[in-house]
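Step one of this worksheet: look at the structure below.
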Number of protein chains: 2
Amino acid sequence: MWISRRTDYATRAMLALTLAGGATPMRLQDLADRTAVPLSVLEQIMPVLRTAGVVRSERGRSGGYRLNHPPEKITLEAVVRLFEGQLAPIACATRKEPEPCPMMGGCSLRSVWEEIRDATIERLDRTTFADLAAGAAGPWLDPSKMELVD
Amino acid sequence: MWISRRTDYATRAMLALTLAGGATPMRLQDLADRTAVPLSVLEQIMPVLRTAGVVRSERGRSGGYRLNHPPEKITLEAVVRLFEGQLAPIACATRKEPEPCPMMGGCSLRSVWEEIRDATIERLDRTTFADLAAGAAGPWLDPSKMELVD
DNA sequence: ATGAATGTTGATAGTATCTATAAAGATTGT
DNA sequence: ACAATCTTTATAGATACTATCAACATTCAT
């Protein structure tokens, strides 16, 4: 349960943008409708993706968002990392600047945490938004198939 | 960063108990010293392990804690799950009663979350405290090797 | 019996983080 | 000038996590 709502929303928005193709920019309101993400939250999330260079935006009349690179070049890892930061399950097992711990030397627990970290990162890094778009179906392609929830 | 401090502490305490052998029970105070976990937090954690049947305790004069089963029979998964609950990275990807989502049908993101869930559980389930004890070294075997932290 | 040593339980306070919303600002095109 | 759109900032509420403490219950040695 470590993927925050924001990360969930951001990845959904990215998938929707990928499926939109990018011939024309997509409005925040449309993004919200197509992904079932609150507009007010997208207002916070999208600028983060933009600042990171993952998407680009245009303002004014026919403005909106588009991917800033071909979807084959954008990994799920890049987007998740942007919102989650460190992907290790615990602070003593991060790749960069692991938090010191008195039990650090010869800790067999830490080895397991590191393996989980590596498996997680590997899985995310191996997946591009082109892959995700190719695997999408149902409500992702046809908004009328979105299910009402609660 | 989803492994909480409590889970960290609980797994450390379990490893210390495993290394202690169980011929004689181990006091909370000794557990705290050997694992660098605050005594007051262990007071909350150990009863949870006891109620779950993972450890057993004795009160009074020469009381303390011991494993309640051979360490080959206790998996890291069991202990982590006790404190973390669901191990899926996101609520829509749990094995039991996944949280409904409007984009559920044909969601390629969800497939990735499920794979990460499975890889994580598999790694934890494959590791027993006997394994962890066999791989432990440094401060785990010799308290004088514990490093001072901040 | 008494008392010390030990585990058990419950209350609490502080901190941090997450979520969602709203309001005001900046830019663009008609 | 105006409307549509993205941008930024402030804020409130909810939730969870962490650590500590105090009071209690049990056991054993004396």
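Residue numbering restarts at 1 for every chain, and letters A, B, ... go by the order of the sequence lines.
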So, is [X] near the phosphate of [N], with a side-chain N or O under 4.0 Å from OP1 or OP2?
{"X": "B/Arg27", "N": "C/dT6", "answer": "yes"}
{"X": "B/Ser57", "N": "C/dT8", "answer": "yes"}
{"X": "B/Tyr9", "N": "D/dT18", "answer": "no"}
{"X": "A/Arg59", "N": "C/dG29", "answer": "no"}

Side chain of A/Arg5 only, please: which of C/dA20, D/dT7, D/dT18 is the nearest?
C/dA20

Closest to the side chain of A/Arg50, out of D/dT7, C/dT8, C/dA20, is D/dT7

Write down the distance between [atom1] ([X]) and [atom2] ([N]), rounded to a whole number of angstrom.
{"X": "A/Arg66", "N": "D/dT5", "atom1": "CZ", "atom2": "P", "result": "15 Å"}
{"X": "B/Leu39", "N": "C/dT6", "atom1": "CG", "atom2": "P", "result": "11 Å"}
{"X": "A/Arg12", "N": "C/dT19", "atom1": "CZ", "atom2": "C1'", "result": "14 Å"}
{"X": "A/Asp8", "N": "C/dC18", "atom1": "CG", "atom2": "P", "result": "14 Å"}
{"X": "B/Arg61", "N": "C/dT2", "atom1": "CZ", "atom2": "C1'", "result": "12 Å"}
{"X": "B/Arg56", "N": "C/dT8", "atom1": "CZ", "atom2": "C1'", "result": "18 Å"}
{"X": "A/Leu28", "N": "C/dT21", "atom1": "CG", "atom2": "C1'", "result": "15 Å"}
{"X": "A/Arg6", "N": "C/dT21", "atom1": "CZ", "atom2": "C1'", "result": "12 Å"}

Hey, does the side-chain of B/Gln44 have a donor or acceptor N/O within less than 3.5 Å of a partner on the base of D/dT20?
yes

Please give me the minimum heavy-atom distance between B/Leu19 and B/Ala136, naming the atom from each residue.
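Heavy atoms only, the tightest pair is CD1-CB, 4.3 Å.
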
Nearest non-hydrogen partners of A/Ser108 and B/Leu15, listed with the distance:
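Heavy atoms of A/Ser108 and B/Leu15 come nearest at OG-CD2, 3.8 Å.
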
By nearest-nucleotide position on DNA chain C, the 5'-leaning member of A/Gly60 and A/Pro38 is A/Pro38

Between A/Glu43 and A/Ser4, name the one whose nearest nucleotide on DNA chain C is closer to the 5' end.
A/Ser4

With rounding to the nearest 0.5 Å, note down the distance linking OG1 in A/Thr75 to CE in A/Met14.
9.5 Å

In Å and rounded to the nearest 0.5 Å, what is the OG1 to CE distance from B/Thr35 to A/Met103?
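Result: 7.0 Å between the selected atoms.
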
Check whether the side chains of A/Glu84 and A/Ser4 place a donor and an acceptor atom closer than 3.5 Å, and report yes or no.
yes

What does B/Met1 touch in the nucleic acid at a heavy-atom separation under 4.0 angstrom: a base, only the sugar-phosphate, or nothing?
nothing

Give B/Glu58 one of three labels, base, sugar-phosphate or nothing, depending on what nucleic acid heavy atoms sit under 4.0 Å from its own.
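The residue B/Glu58 makes sugar-phosphate contact but no base contact.
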
5' priority, DNA chain D, between B/Ser40 and A/Met46 [closest heavy atom]:
A/Met46

